[in-house]
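Working notes for the structure below.
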Amino acid sequence: MLSKLPTNLPPHLALKFIKVYSNSGDLQRARHLFDKIPQPDLPTWTILISALTKHGRSLEAIQYYNDFRHKNCVEPDKLLLLSVAKACASLRDVMNAKRVHEDAIRFGFCSDVLLGNALIDMYGKCRCSEGARLVFDGMPFRDVISWTSMASCYVNCGLLREALGAFRKMGLNGERPNSVTVSSILPACADLKDLKSGREVHGFVVRNGMIGNVFVSSALVNMYASCLSIRQAQLVFDSMSRRDTVSWNVLITAYFLNKECEKGLSVFGRMMSGGVELNYASWNAVIGGCMQNGRTEKALEVLSQMQNSGFKPNQITITSVLPACTNLESLRGGKQIHGYIFRHRFFQDLTTTTALVFVYAKCGDLELSRRVFSMMPKRDTVSWNTMIIANSMHGNGEEALLLFREMLDSGVRPNSVTFTGVLSGCSHSRLVDESLLIFDSMSRDHSVEPDADHHSCMVDVLSRAGRLEEAYEFIKKMPIEPTAGAWGALLGGCRVYKNVELGRIAANRLFEIEPDNPGNYVLLSNILVSAKLWSEASETRKLMRDRGVTKNPGCSWIQVRNRVHTFVVGDKSNDQSDEIYRFLDYMGEKMRIAGYLPNTDFVLQDVDQEEKEEVLCNHSEKLAVAFGILNLNGESSIRVFKNLRICGDCHNAIKFMAKIVGVQIIVRDSLRFHHFRNGLCSCRDFW
DNA sequence: CCAGACAGCG
């Protein structure tokens with residue numbers, strides 16, 4: 001067909017045909033015809049470029065615009081620049097945005113409000129507030145749209161206070177905000193959780209009769225929800241005369257955000273039975289909401305419901321349910337979703353890939369985590385943080401530190417999470433001097449003020465290095481109130497280095513701050529027992545009992561093939577229990593020969609020595625490890641998960657087991673990962 | 001020429 005088109009048309013006819021084709025959306029023909037014209041005139045360029053933009057073919061529009069700039073001596077007109085500005089906005093193409101801006105200045109369109117507004121909007125979509133400001137400040141006249149575009153640009157750039165400032169200032173400059181302004185500004189109040197400003201805007205909305213606008217009222221519901229004023233959110237929703245899918249989605253999100261899962265689910269139910277059209281955001285809001293509230297099983301149930309309704313999980317769905325694979329510690333599930341991500345080419349997306357990096361790390365497979373990270377085309381603060389934290393969890397402080405330096409070199413700015421990650425990595429690897437340097441540089445070089453967690457990390461660094469007095473001094477000199485994290489770090493150090501005196505001080509503070517945490521009583525009791533202060537140890541346990549605090553039952557689990565097998569202390573409920581105990585007996589003998597001595601300090605019950613040793617053999621982590629070894633199936637490593645900190649005797653015993661059996665044993669306890677290999681643990685015995 | 005909801009890190 002194309003070949004049959006007339007060629008060598010006179011210009012006025014070519015323009016006519018290009019116009020017809022462009023308007024009917026047949027851009028293939030329009031382009032074909034255009035490309036044959038040796039010297040297209042301005043109206044022809046404009047027609048083609050604006051048609052391309054209008055039909056979402058922004059990349060082509062920009063290509064033609066650059067052609068136009070290169071080979072043309074014709075000046076662009078306003079309409080042409082407007083179209084290209086729009087194309088740049090939709091592609092967030094800052095480089096070409098600047099060219100359009102340049103041309104607008106060069107050809108004297110600076111004083112045009114319409115084009116100026118379009119340029120502000122373009123810069124806003126490109127997240128370039130400096131550019132937008134330049135245009136805005138240079139405008140001789142500004143209207144509501146100029147102000148709204150500027151405020152909207154600030155919101156896009158995360159400059160929320162500036163956005164609110166623009167909203168307030170425009171009134172002083174004689175421009176009255178319209179409903180678009182209001183719905184641009186409310187998300188800023190929401191993100192800032194600034195209920196006061198939000199109410200102020202709400203008042204403005206009521207006074208100006210904008211409440212009937214569905215954009216405005218949905219934004220109000222969202223604002224109240226973000227500020228955790230769920231009743232207000234519901235009231236606004238109830239008062240709405242007209243509601244669309246987004247209004248409902250916002251209300252669903254509101255309840256999940258306020259931790260009211262059942263209400264969120266029931267709103268979703270009412271939405272479905274009321275015949276309101278569902279979209280991806282509706283499903284994702286429910287699935288994501290369940291995930292955020294720890295309702296993993298429910299999330300997966302809604303996921304299959306979603307698929308049954310003909311919605312294929314999209315990038316956001318996948319990113320929301322990925323953490324389910326860490327909640328269940330299901331590496332296999334993670335790999336399945338990885339396949340899905342790969343097949344659907346969700347790989348370019350930073351958020352999705354970052355979530356995957358984290359899932360692999362949390363499932364215990366740091367190698368896979370590294371591999372996904374290394375394939376990421378670009379990385380932002382969160383993705384670097386994730387990889388740093390992954391290494392810290394696995395006890396690779398040196399690598400965490402290297403990644404941190406690499407992150408700085410690549411020009412990505414660290415935030416407070418970055419430092420928590422690096423510092424905790426340092427503490428696990430005993431990198432004391434390095435972490436002191438980094439701690440000092442936080443505020444000075446990176447304008448991140450150390451918070452309570454960072455201080456706790458430093459106490460941990462010093463405590464694990466055995467510098468307990470220094471750690472205590474550090475706590476005493478802290479500019480902020482020491483948290484349970486700080487005292488807990490000191491107490492942990494006291495356990496490792498058997499320091500009774502400081503252990504008592506730390507524990508007594510902890511008994512005040514978090515009287516219900518059983519771990520603190522257990523730790524102090526362990527310290528006292530190892531110092532042979534039996535009566536004081538039993539006093540501690542009595543204190544715990546008197547306060548009605550009970551030790552959380554320890555439990556360990558391991559996934560073999562598709563099933564998760566769970567063990568508690570002395571568990572005999574597993575199908576292979578007999579085999580497990582026989583194996584542990586046999587192992588015990590071999591371990592003793594290799595030099596293993598049971599450490600009964602970790603037994604809390606008042607029983608005699610022989611019984612104590614027996615109780616040790618029963619610990620859930622030992623049972624799970626034994627089960628794993630018995631079901632290796634040719635794998636060279638096993639992964640065990642435990643809900644509490646690993647017991648010291650088990651830690652020692654597993655080192656022997658890993659050496660004797662010749663496998664890698666990975667145990668994730670409540671704090672970190674331990675990689676046991678060849679008689680050693682990656683934590684270098686500072687668990 | 002200006003507006004909304006759903007996703008990642010301790």
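None of the values given here were measured: they were computed from a predicted structure. Letters go in sequence order (proteins before strands), and every chain restarts at 1.
- Side chain A:Ser183 to base B:dA3: a donor-acceptor pair is found below 3.5 Å.
- A:Ser184 comes within 4.0 angstrom of the backbone, heavy atoms only, and of no base.
- To the nearest 0.5 angstrom, A:Ile318 atom CD1 is 8.0 Å from A:His344 atom NE2.
- The side chain of A:Leu114 approaches B:dC1 more closely than any other nucleotide in the set B:dC1, B:dA7, B:dC2.
- Checked against B:dC6, B:dA5, B:dC1, the side chain of A:Ala285 finds its nearest nucleotide in B:dC6.
- Residue contacts shown for A:Asp451 include a base, since a base heavy atom lies under 4.0 Å away.
- The nearest whole Å value for the distance from the CD1 atom in A:Ile120 to the C1' atom in B:dC2 is 10 Å.
- Computed from coordinates, the A:Trp384 CH2 to B:dG8 P distance equals 21 Å when rounded to whole Å.
- In this structure, NE2 of A:His428 is placed 13 Å from P of B:dG10, rounded to the nearest angstrom.
- Scanning atom types as modelled, no donor and acceptor separated by under 3.5 angstrom connect the side chain of A:Asn385 and the base of B:dG10.
- Note on ring orientation: taking the six-membered ring where Trp is involved, the planes of A:His454 and A:Phe419 are perpendicular (angle over 60°, cut-offs 30° and 60°).
- No side-chain donor from either of A:Thr381 and A:Asn415 sits under 3.5 Å from a side-chain acceptor of the other.
- Checked against B:dG8, B:dG10, B:dA5, the side chain of A:Thr351 finds its nearest nucleotide in B:dG8.
- Within the nucleic acid shown, A:Val214 comes within 4.0 Å of at least one base atom, counting heavy atoms only.
- In this structure, the CD1 atom of A:Ile318 is 14 Å from the C1' atom of B:dG8, given to the nearest Å.
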Let me check something: any side-chain donor-acceptor pairs from residues 303-312 of chain A under 3.5 Å, sequence neighbours excluded? List them with distances.
from	atom 1	to	atom 2	distance (Å)
A:Ser304	OG	A:Glu301	O	3.0
A:Asn308	ND2	A:Ser304	O	3.3
A:Ser309	OG	A:Gln305	O	2.8

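- Distances were taken from every side-chain heavy atom of A:Val180 (C-beta onward) to each of B:dC2, B:dG8, B:dC6; the shortest belongs to B:dC2.
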Requested in this report: Could you check A:Arg672 against A:His394 for side chain to side chain donor-acceptor pair (under 3.5 Å), going step by step and ending with a plain yes or no?
Outcome: CA-CA 6 Å; A:Arg672 55 167 292 163; A:His394 285 268; over 6 Å; no

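- Separating the CE atom of A:Met170 from the C1' atom of B:dA3 is a distance of 13 Å, rounded to the nearest angstrom.
- Among the nucleotides B:dC2, B:dC6, B:dG4, the one closest to the side chain of A:Val246 is B:dG4.
- Closest to the side chain of A:Ala355, out of B:dG10, B:dG8, B:dC6, is B:dG8.
- In this structure, CZ of A:Arg668 is placed 12 Å from P of B:dG10, rounded to the nearest angstrom.
- For A:Asn314 and B:dG8, the CG to P distance is 13 Å, given to the nearest whole Å.
- Remark: the backbone N or O of A:Leu79 is paired with a side-chain donor or acceptor of A:Ser83 at under 3.5 angstrom.
- Closest to the side chain of A:Ser179, out of B:dG8, B:dA3, B:dC2, is B:dA3.
- Note on A:Lys362: every side-chain N or O is 4.0 Å or more away from OP1 and OP2 of B:dG10.
- A:Asn279 contributes a side-chain N or O that forms a donor-acceptor pair with the base of B:dA5 under 3.5 Å.
- Among the heavy atoms of the strands, none lies under 4.0 Å from A:Lys78.
- Across B:dA5, B:dC9, B:dG10, the shortest atom-to-atom separation from the side chain of A:Asn415 is found for B:dC9.
- Across all strands shown, A:Asp121 has heavy atoms under 4.0 Å from sugar-phosphate atoms exclusively, and none from any base.
- Residue A:Val417 is in base contact, counting any heavy-atom pair closer than 4.0 Å across all strands shown.
- Listed nucleotides: B:dC2, B:dG4, B:dA7. Nearest to the side chain of A:Asn178: B:dC2.
- For the ring pair (Phe, Tyr, Trp, His ring centres under 6.0 Å) test with A:Trp147, the passing option among A:Phe141, A:Tyr154, A:Phe136 is A:Phe136; the others fail.
- Nucleic acid contact class of A:Gln292 (heavy atoms, under 4.0 Å, all strands): sugar-phosphate only.
- Residue A:Phe358 is in sugar-phosphate contact alone, with no base atom involved, counting any heavy-atom pair closer than 4.0 Å across all strands shown.
- Out of B:dA5, B:dG8, B:dC9, the shortest distance to the side chain of A:Asn249 is found at B:dA5.
- Here B:dC2 presents its P atom at 7 Å from CD1 of A:Ile145, a figure rounded to the nearest Å.
- Counting any heavy atom pair closer than 4.0 Å across all strands shown, A:Thr386 reaches sugar-phosphate atoms only and no base atom.
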